[in-house]
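Within every chain, numbering begins at 1; the chains are lettered A, B, ... in the order of the sequence lines, protein sequences first and strands thereafter. Note that the coordinates shown come from a computational prediction; the quantities given were computed from them, not determined experimentally.
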Amino acid sequence: MAKTGISPTRSEDYPGWYQQIVRSADLAENSPVRGCMVIKPWGYALWENMQGVLDGMFKETGHENAYFPLFIPKSFLEKEAEHVEGFAKECAVVTHHRLEPGADGGLVPAGKLEEPLIVRPTSETIIGHMFAKWIESYRDLPLKINQWCNVVRWEMRVRLFLRTAEFLWQEGHTAHATKEEALDETRLMLDVYAKFAEEYMAMPVVKGEKTEGERFPGADMTLSIEAMMQDRKALQAGTSHFLGQNFSKAQEIKYQNAEGGESYAWTTSWGVSTRLVGALIMTHSDDDGLVLPPRLAPKHVVICPVIRKEEERAEVMEYCTSLAKELGEVLYDGKRVAVFVDDSDKRGGEKKWFHIKRGVPIRLEVGPRDIKNDSLFVGRRDQPKSFGMPRIEFVERVSEILEEMQQGLYDRALKLRMDNTQQINSFDDFKAFFTPKNEAKPEVHGGFAECYFVDCPETDALLVPLKVTPRCMPVDREVEPGVCIFTGKPTQTRGVFAKSY
RNA sequence: CGGGGUGUAGCGCAGUCUGGCUAGCGCACCUGGUUUGGGACCAGGGGGUCGAAGGUUCGAAUCCUUUCACCCCGACCA
């Protein structure tokens with residue numbers, strides 16, 4: 001069948017396809033508030049599953065959750081110079097605390113605040129302030145805190161989940177006695193993110209260090225995980241920052257060491273956001289709709305009763321209910337298989353497409369014919385054709401099938417990345433790699449280019465017209481001497497370059 | 001903030017140049033019927049102060065003035 005669930009398709013119009021996926025899968029929609037989205041139940045359930053897994057991983061690595069204020073006094077943000085510069089342009093500012101009736105019948109702000117409050121764009125400053133109070137002795141370290149919250153960054157251009165003015169995230173903040181310990185923490189949390197991305201989202205990532213230009217404002221080192229989307233652009237999916245003593249010095253996060261002297265703590269921060277939902281969509285979904293990795297899918301199996309005559313209803317429904325109960329006892333990935341019966345009065349085809357678009361991994365169709373044979377009609381979201389299978393066999397194998405799907409998604413995504421990653425050794429080849437054949441309406445092109453380079457302003461300047469950025473300098477790779485393809489200088493640094501979101 | 005564009009039903013649009021019946025169409029929605037192993041069909045129906053304000057006119061979605069909002073391309077985007 002040529003007809004696709006989603007129009008436009010990926011190759012016709014990738015950004016348009018993305019928007020349609022979000023809409024058709026009922027994940028989120030725009031709100032009356034500029035730049036802010038409404039996350040709908042199906043999208044939020046997905047986020048909740050992500051939260052659940054990550055939260056468990058944070059706790060396993062010794063972190064505790066806490067909550068800090070939404071508002072940050074302006075003076076707090078002013079303490080770390082680079083930090084101010086990085087965020088000042090995109091802050092929402094609260095200046096009043098009351099509304100009064102105005103002349104034209106509307107309301108006007110009144111009660112001007114002595115000091116404006118900033119809606120947090122990130123919480124280093126307010127959390128650092130509290131850390132300074134909580135930390136007195138080396139015995140109070142390390143301090144490892146995480147917060148799940150919303151933040152606001154006044155973006156001019158927004159895309160649902162990928163970049164919105166308000167978004168949900170977690171931000172981890174830790175303080176350590178030594179530099180080495182803080183660096184270990186920074187690396188550890190990057191590993192946690194990479195593990196989550198690969199094992200749960202089925203999304204392969206490149207772990208690496210950011211160049212100076214791409215670094216978090218106020219950090220000494222920023223690590224990130226970078227994933228390739230289906231249009232071959234890179235998406236930064238998580239970051240972990242080593243903040244050195246920049247914030248501890250700005251905020252007086254000091255402790256008394258074992259020798260009795262006073263030392264500044266070493267701090268880190270790390271975060272992932274609802275952008276991961278966007279990453280998930282762009283990694284796996286196809287021209288028929290959303291595709292969810294089973295480990296994060298809010299529902300694994302939907303049972304669609306096929307009822308042709310009213311007399312059949314009771315028997316079919318009873319069969320479906322008992323099947324749902326039986327499947328619900330099966331364990332997948334350490335939890336019960338999430339199964340539900342869709343008894344809405346949609347027609348068969350419409351119902352099928354509804355669940356395809358929403359990415360439910362497995363659809364089961366059960367009608368009188370199947371009941372007679374004690375078999376099921378099984379549709380897998382990763383395969384175009386449905387097939388019959390005895391009920392007993394399906395119940396036995398459901399967990400295995402889900403895991404097979406999970407692995408299949410990862411393998412497919414990894415293949416896409418490998419097929420579109422090239423080692424490039426000259427600037428001419430580099431330009432050719434990133435220049436679309438059709439400038440007016442660029443086709444899907446490029447990918448990840450791995451090149452020797454020197455992180456310097458000359459390099460950055462050459463990248464600007466190509467709209468390419470250094471994504472990261474991969475860690476865990478052997479270092480050999482080479483020549484920078486941009487400046488011709490000798491170097492030992494290799495980077496991954498790509499167009500990005 | 002610069003350049004371009006668009007505001008008409010929940011969504012997508014036509015109508016505006018050249019003013020004129022009760023403002024239309026597709027999808028969605030509601031009702032009834034026929035259907036139902038795959039995105040149904042037939043019939044009927046509900047839903048609009050045409051972005052806002054002012055003006056011209058016998059008459060404005062349409063012309064004029066002002067204004068607001070949004071979108072696209074730049075710029076910006078830890």
Side-chain angles (χ1 to χ4, degrees), chain A residues 1-7 13 15-16 19-20 23-24 29-35 77 80 82-91 104 120-125 151-159 162-165 167 169 171 210-219 221-224 235-236 238-241 243 246 269-273 275 288-289 304-310 312-313 316 345-357 363-373 375-379 384-388 439-442 464-465 467 469 500-501:
Chain A
M1 184 168 70
K3 194 173 176 185
T4 55
I6 299 297
S7 175
D13 172 11
Q19 287 187 319
Q20 281 307 314
R23 215 166 80 123
S24 312
E29 63 187 56
N30 281 308
S31 76
V33 185
R34 181 199 169 87
L77 226 60
E80 216 289 336
E82 278 187 40
H83 196 64
V84 185
E85 208 182 312
F87 288 107
K89 286 168 292 188
E90 49 185 34
C91 285
D104 58 354
R120 61 184 165 214
T122 179
S123 304
E124 274 75 10
T125 54
V151 290
V152 168
R153 298 179 188 179
W154 210 263
E155 301 286 357
M156 297 312 289
R157 269 247 209 290
V158 304
R159 292 181 75 182
L162 295 176
R163 176 169 292 118
T164 47
F167 56 90
W169 78 342
E171 46 180 328
K210 285 293 192 184
T211 59
E212 207 172 324
E214 299 276 318
R215 205 178 276 161
F216 179 75
M221 178 181 81
T222 288
L223 303 178
S224 75
L235 183 75
Q236 176 178 306
T239 49
S240 183
H241 314 292
L243 303 176
N246 303 331
S269 70
W270 29 274
V272 294
S273 70
R275 172 180 263 200
D288 285 333
C304 303
V306 178
I307 297 160
R308 298 163 71 193
K309 299 188 210 106
E310 205 44 42
E312 300 166 352
R313 179 174 295 277
V316 173
D345 67 352
K346 288 190 191 71
R347 298 173 52 79
E350 194 188 350
K351 191 181 281 193
K352 172 182 149 185
W353 280 102
F354 178 81
H355 295 295
I356 288 175
K357 286 180 194 170
R363 302 180 308 280
L364 297 180
E365 288 160 26
V366 179
R369 208 152 68 204
D370 311 293
I371 295 175
K372 192 174 282 176
N373 303 330
S375 81
L376 309 165
F377 203 57
V378 184
K385 284 193 182 135
S386 305
F387 52 90
E439 288 278 6
K441 191 177 176 296
V464 170
K467 295 181 181 175
T469 49
S500 76
Y501 280 92

Q: Looking only at side-chain atoms of K467(A), point me to the closest of G74(B), G37(B), G39(B).
A: G74(B)

(Q) Could you tell me how far A28(B) sits from A9(B) if I compare only their C1' atoms? Round to whole Å. (A) 11 Å

Q. Closest to the K357(A) side chain: G37(B), A40(B), G39(B)?
A. G39(B)

(Q) Within the 4.0 Å heavy-atom criterion, would you say P305(A) contacts the bases, only the backbone, or no part of the nucleic acid? (A) nothing

Q | Paired and unpaired positions of RNA chain B as dot-bracket, Watson-Crick or G-U wobble under 3.5 Å, | denoting a partner strand | A | ((((((((.[[[[.)....(...]]]].((((((.....)))))).....[[[[[..)....]]]]])))))))....

Q) Contact class for K346(A) vs. all strands (heavy atom < 4.0 Å): base, sugar-phosphate, or nothing? A) nothing

Q. For F387(A), which contact category applies under a 4.0 Å heavy-atom criterion: base, sugar-phosphate, or nothing?
A. nothing

Q) Backbone N or O of S123(A) within a donor-acceptor pair of the E171(A) side chain at under 3.5 Å? A) yes

Q: Measure from the side chain of R163(A), starting at C-beta and using heavy atoms only, and say which of C77(B), G37(B), G39(B) lies closest.
A: C77(B)

Q: Please state how far atom CG in N30(A) lies from atom C1' in G10(B), giving the value in whole angstrom units.
A: 15 Å

Q | Distance, rounded to the nearest Å, where K351(A) contributes NZ and U36(B) contributes P | A | 16 Å

Q: Remember a base hit wins even if backbone is also touched, and classify G86(A) as base, sugar-phosphate or nothing at under 4.0 Å, heavy atoms.
A: nothing

(Q) Classify R215(A) by what it touches in the nucleic acid, base, sugar-phosphate, or nothing, heavy-atom distance under 4.0 Å. (A) sugar-phosphate

Q. Do V316(A) and I371(A) pass the side chain to side chain contact (heavy atoms under 4.5 Å, CB included) test, and can you show the C-alpha distance, the side-chain angles, and the key distance before you say yes or no?
A. CA-CA 8 Å; V316(A) 173; I371(A) 295 175; 3.9 Å; yes

Q. Taking protein heavy atoms under 4.0 Å as touching, what does nucleotides 42-47 of chain B look like 5' to 3' if B marks base contact, S marks sugar-phosphate-only contact and - marks none?
A. ------

